[in-house]
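To start, the structure itself, in structure tokens.
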Amino acid sequence: MALLESRGVSKAFGGLLALRRVDLAIEERELVGLLGPNGSGKTTLFNILSGLLRPTGGEVWFRGMRITKTGPVERSRLGLGRTFQIARPFAHLSALDNVLVGITFRSRHRQPSSADRRREAEKLLETVGLGDKAYWQARELSLGEAKRLELALALSTRPTLLLLDELASGLSPKGREEVIRFYGRLRERGLTIFAIEHSFRVLAQVADRLIVLDQGSIVADGRPDAVLGSPRVSAAYLGEDDG
Ligand code: ADP
Ligand code: MG
């Protein structure tokens, strides 16, 4: 049984069909990349998988449970975590306090001691390379740092599966290299990852499998070399990759 499944998921915004019967399955410990031109429905799909949006049709399954109508908080507690394309930590809290909020939020029933929570928060910040910025306010961080804080926040809920939305976008080539290393590190932690990147160069280096959306439909799903060599994918992407 797959860890996460989308079965015939469709989404209409008024007259616009943003997703058309999307069927996909993510297996445990896979790192799957989601690609597609701007407006192809990638973020909408993640919003449906994470519970921010209800699909117009179809179902979402996670760990053998139908979660189509489960809200985002409950999904996060089931182990389905996510980051946002636009990082949105609490701007006026320090990086450390942001992560502490995530840890507190996770532990509804049994709160770890405040010393344990703090140690865990510091460790998470180190994991994402923000150990030296723990006391900076989130709004003082650069774009790349804010994205890493967002990742630490997502990790603080101890997800089984992480939905990552464009971690590498807007970063310098060096920042992108770091993101590629992060993907490797996340996988070493045993996480299952479903990641959107606008640039297929980033995902081609790390993913086990690539899924390509075009105008709300899946047009390819397979090994990276096979997918990137497919004429349908090059046609959808012509001139789109930004490095
Ligand atoms: P991507 O992330 O692949 O760039 P999106 O999922 O953001 O694409 O958008 C897919 C399509 O759905 C686009 O045409 C977009 O304009 C539209 N769309 C996304 N969210 C909404 C919304 N909340 N209301 C109306 N249209 C939306
Ligand atoms: Mg998007």
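Because only heavy atoms are used, hydrogens play no part in the values below, and waters and symmetry mates are left out as well, while side chains stay in. Whatever order the structure lists ligands and atoms in, that order sets their numbers, starting from 1.
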Check the pair T160 / R63 against side-chain contact (heavy atoms from CB on, under 4.5 Å), numbers first and verdict last.
CA-CA 10 Å; T160 311; R63 289 162 65 179; 4.2 Å; yes
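Looking at E27 and R209, no side-chain N of the basic residue comes within less than 4.0 Å of a carboxylate O on the acidic one, giving no salt bridge.
For ligand 1, the atoms lying closer than 4.0 Å to a non-hydrogen atom of N38 are 4 (O).
To the nearest 0.5 Å, the span separating NE2 on H92 from CZ on R139 amounts to 5.0 Å. Note that CZ of R118 and CG of L96 are 5.0 Å apart. Values are rounded to the nearest 0.5 Å.
Under the 4.5 Å side-chain criterion, counting only non-hydrogen atoms from C-beta, R176 is not in contact with R201.
The distance criterion of under 3.5 Å between nitrogen or oxygen atoms is met by G39 with respect to ligand 1. Considering backbone and side-chain atoms alike, G41 places an N or O below 3.5 Å from some N or O of ligand 1.
Between atom 6 (O) of ligand 1 and the options N47, T44, I48, the minimum heavy-atom separation is to T44.
Under the side-chain contact (heavy atoms from CB on, under 4.5 Å) test applied with S6, the options D23, T68, L49, V60 reduce to a single match, L49.
Between P37 and ligand 1 there is a heavy-atom distance shorter than 4.0 Å.
Only side-chain heavy atoms of L16 come within less than 4.0 Å of ligand 1; its backbone N, CA, C and O stay farther off.
In summary, no N, O or S atom of T44 is located under 2.8 Å from the Mg ion (ligand 2).
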